[in-house]
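Structure first, commentary second.
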Amino acid sequence: MTKKLFVLLSLCLSVACVWAQPVSPNSRLSITPSGRGFTISYLKKPVLNVPVVGYDGMKNNRPKWKFEGLKLSDYHMKTGKKEYCSNDANEYRATLNSDVQLVVRLYNDGVAFRYELSNVNGQLPKEITAYKIPEGVKRWMQQWTDSYEGFYPMSITGKIKPIGRMAGVEKSPEGYNLRWGFPTLIEPQEGIFVLLSEANIERRQSAACLYTDNDLLRVTPDVNNLKIRGKWHSPWRVAIIGDMQDLIQSTLVNDVSEPCKLKDTTWIKPGVVSWIYWANNHGSNDYNIIKKYVDMAVTLKLPYVLIDAEWDQMKDGKTIEDAVAYANQQGIKPMIWYNSSVGWIDGAPTPKFRLNKPEDREKEFAWCEKIGVAGVKIDFFSGDSQRDMTYCIDLLESAAKHHLLVNFHGATIPRGWQRTYPNLMSTEGVYGAEWYNNVPTFTNVAASHNATLPFTRNIIGPMDYTPCAFSDSQHPHITSDAHELALTVLYESALQHLADRPESYLAQPQEVQNFFGQLPTVWDETRYVSGYPGESVVLARRSGSTWYVAGINGTNETKTLSTDLSFIDAGPHSVQTFADADPAQWQLDGQKDWLISNSNQLPKQITCLPRGGFVLVIK
């Protein structure tokens with residue numbers, strides 16, 4: 001009798017395991033099958049409807065979930081918002097048909113799912129995954145462009161007309177924009193957010209975007225002309241879910257990506273970079289201008305200088321090898337720019353066609369290593385196709401062989417390569433300070449845009465915005481100096497390229513100059529303090545025992561920002577304040593032995609000028 005009861009209980013437990021509702025380890029997130037898809041709930045409230053999953057032509061039945069159980073390894077990052085990353089998830093599988101499995105991982109901060117296909121014979125079938133975003137729900141979406149350089153305007157409708165320079169994008173018959181880039185942020189419940197993106201692009205895959213179909217956003221992979229035989233799996237579709245603290249701290253895009261493939265990473269050193277392009281639109285073909293930026297790096301104690309385009313056309317009898325040698329002689333590690341030669345080619349700056357063929361790429365990177373180049377900035381890619389993705393992976397692997405750091409510009413957004421290939425230090429994929437060079441549009445919207453990026457683009461990976469311009473380029477900026485300084489902390493990028501000219505930085509108070517030489521570009525911990533997309537943001541980042549707290553006002557009115565710092569450990573601290581006195585002046589305050597014994601002694605709020613900001617350095 002006892003044996004029969006044991007068998008019966010075992011059978012019941014087995015059935016419960018198969019049919020139990022998928023949940024996250026902390027049970028805050030759950031999935032409920034619904035029709036041909038599923039609904040994701042947060043704290044038992046529906047937050048994301050995925051009404052259809054799978055591939056075109058499938059006859060989906062209600063997914064039958066089975067808990068698989070898995071043990072994922074925690075890991076360390078060389079770069080990013082968080083050095084030590086826990087990797088705790090529950091994995092479930094659902095059979096969609098005999099050739100397609102849906103694999104779902106529920107983390108405490110989101111959900112990732114992908115498809116595993118068998119018996120593929122030729123062209124991949126069309127994916128039909130869709131997210132349902134009802135009208136009236138707040139969303140921050142970027143019109144797709146191959147460089148991902150656009151704004152994230154808040155809207156409560158998917159019927160948005162193209163704006164600005166992207167007026168030529170794909171439109172509906174009514175003139176509405178149809179194609180959107182990742183990431184997309186929505187607020188389905190007040191104070192609860194969902195950030196949609198994807199992760200872990202591999203060689204046989206293309207990246208995807210979103211297409212509007214009434215109230216649906218359809219996941220649409222870019223061109224992939226490979227003929228696949230046998231097994232294949234898609235990238236991970238990612239939804240980071242929770243309150244804003246959950247989103248800001250999330251490492252989900254990295255969690256589901258392949259572990260580091262490099263055996264030796266000791267040579268990978270993040271740091272701040274003096275950058276030549278912004279002030280002149282040219283300059284890297286002028287040895288004397290390059291010297292000024294090297295000398296600035298020496299004075300500010302920066303580790304790197306970036307020699308941008310046209311270095312192969314150096315004037316006055318000088319060569320790039322002369323410039324590289326000068327930088328190295330001064331103790332500054334130089335990086336140099338390349339045209340990828342797959343995107344903008346005709347009329348684009350040089351050097352071109354040096355990296356496309358494997359043998360040419362190997363020769364070029366070996367030469368870089370030999371003459372003392374520390375890294376490469378590769379620009380002007382052509383989109384999200386499988387060809388582009390494979391090319392990027394080839395570049396990362398080849399560069400790593402020659403101990404070269406990589407910065408992708410004019411390229412797709414991060415999708416987890418920073419974990420797999422930690423020599424990928426940063427990626428542009430953002431409408432950044434470079435646009436002060438190009439059009440007048442940026443001046444009046446920069447502050448609001450700047451206060452949106454920490455909640456959208458920068459959550460998913462490093463972002464080379466090229467921040468901190470105190471002076472003006474071709475078009476003026478109207479953000480305060482403290483606002484500009486705050487961007488160097490708010491924006492995570494393992495190589496933080498300073499946009500402004502040497503004369504501007506060297507005219508700043510000594511405290512500001514010292515700040516740049518001490519600024520970390522990777523972090524042990526990141527915390528959300530306060531803010532809302534487009535309005536304001538305050539983040540705190542820790543490096544060792546030092547906290548950097550930065551905030552900006554994204555509005556045109558004076559604004560008081562909430563700064564509850566009660567999470568900082570009690571004890572004696574020194575505090576350096578960089579705040580607004582006037583848009584182009586500083587309020588500097590240094591306090592020694594600032595004793596924190598309880599939260600009442602911590603600043604609860606800081607008032608910022610219109611488009612202003614602040615930084616606190618708490619040691």
>> Can you confirm whether the side chains of T526 and E492 place a donor and an acceptor under 3.5 Å from each other?
In response: no

>> If only side-chain N and O atoms count, and only distance matters, is there a donor-acceptor pair under 3.5 Å linking S385 with D222?
In response: no

> From R203 CZ over to M389 CE, what is the distance, rounded to the nearest 0.5 angstrom?
Replying inline: 12.5 Å

> Is the backbone N or O of H233 less than 3.5 Å from a side-chain atom of Q205, with the two atoms forming a donor-acceptor pair by type?
Replying inline: yes

>> Among L196, T220, L217, which residue satisfies the side-chain contact (heavy atoms from CB on, under 4.5 Å) criterion with W180?
In response: L217

>> Between S257 and N254, do the side chains contain a donor N or O and an acceptor N or O under 3.5 Å apart?
In response: no

> Does a donor on one side chain and an acceptor on the other come within less than 3.5 Å for R218 and T212?
Replying inline: no

>> Keeping S382 on the side-chain end and G343 on the backbone end, is there a donor-acceptor pair under 3.5 Å?
In response: no

> Are a donor atom and an acceptor atom from the side chains of T319 and E321 found within less than 3.5 Å of each other?
Replying inline: no

> Hey, would you say the W275 and Y277 ring centroids sit under 6.0 Å apart?
Replying inline: yes

> Side-chain donor-acceptor pair under 3.5 Å between W435 and E149, yes or no?
Replying inline: yes

> Y338 ring centre to R354 NZ or CZ under 6.0 Å, with the angle to the axis within 45°?
Replying inline: no

>> Using the rule given for salt bridge (Lys or Arg N to Asp or Glu O under 4.0 Å), can you reason through E116 versus R114, listing the C-alpha separation, both sets of side-chain angles and the distance that settles it, and then say yes or no?
In response: CA-CA 7 Å; E116 294 184 355; R114 75 179 186 185; 3.5 Å; yes

> Taking only residues two or more places apart in sequence, or in another chain, which ones meet K132 in a side-chain contact (heavy atoms from CB on, under 4.5 Å)?
Replying inline: N49, P51, D215, L216

> Going by distance alone, is a donor N or O of one side chain under 3.5 Å from an acceptor N or O of the other, for T427 and Y148?
Replying inline: no

> In Å and rounded to the nearest 0.5 Å, what is the CD1 to CG distance from I290 to D308?
Replying inline: 10.0 Å

>> Whether the T79 and Q418 side chains hold a donor-acceptor pair (N or O, under 3.5 Å, no angle test) is what I'd like checked.
In response: no

>> Can you see whether Q386 engages T390 through a side-chain donor-acceptor pair at a distance of less than 3.5 angstrom?
In response: yes

>> Just to verify, what does Y293 make a side-chain hydrogen bond (donor to acceptor under 3.5 Å, both in side chains) with, not counting sequence neighbours?
In response: none

>> If we count only N and O atoms by modelled type, under 3.5 Å, do the side chains of T412 and R415 hold a donor and an acceptor together?
In response: yes

> So, for Y152 and W140, is the gap between ring centers shorter than 6.0 Å?
Replying inline: no

> Parallel, tilted or perpendicular: which describes the rings of H449 and F442, with under 30° parallel and over 60° perpendicular?
Replying inline: perpendicular

> Between Q249 and K81, is any side-chain donor less than 3.5 angstrom from a side-chain acceptor?
Replying inline: no

>> Under a 3.5 Å cutoff, is there a donor and acceptor pairing between the side chains of D464 and Y491?
In response: no

>> With rounding to the nearest 0.5 angstrom, report the CG to CD distance, N224 to Q123.
In response: 7.0 Å

> Rounded to the nearest 0.5 Å, what separation is found between the CD1 atom of I268 and the CG atom of L404?
Replying inline: 11.0 Å

> To the nearest 0.5 Å, how far apart are OG1 in T184 and CD in Q142?
Replying inline: 8.5 Å

>> For the aromatic rings, using the six-membered ring if either is Trp, is the centroid distance between Y421 and W417 under 6.0 Å?
In response: no

> Between the side chains of Q496 and Y465, does any donor sit under 3.5 Å from an acceptor?
Replying inline: no

> Under 3.5 Å, is there a donor-acceptor pair linking the side chains of D379 and N339?
Replying inline: no

> How far does CG of L405 sit from NZ of K269, to the nearest 0.5 angstrom?
Replying inline: 10.5 Å

>> What I want to check is whether the side chains of R501 and S471 have a donor and an acceptor closer together than 3.5 Å.
In response: yes

>> Check this for me: does any side-chain nitrogen of one of R237 and E127 sit under 4.0 Å from a carboxylate oxygen of the other?
In response: yes

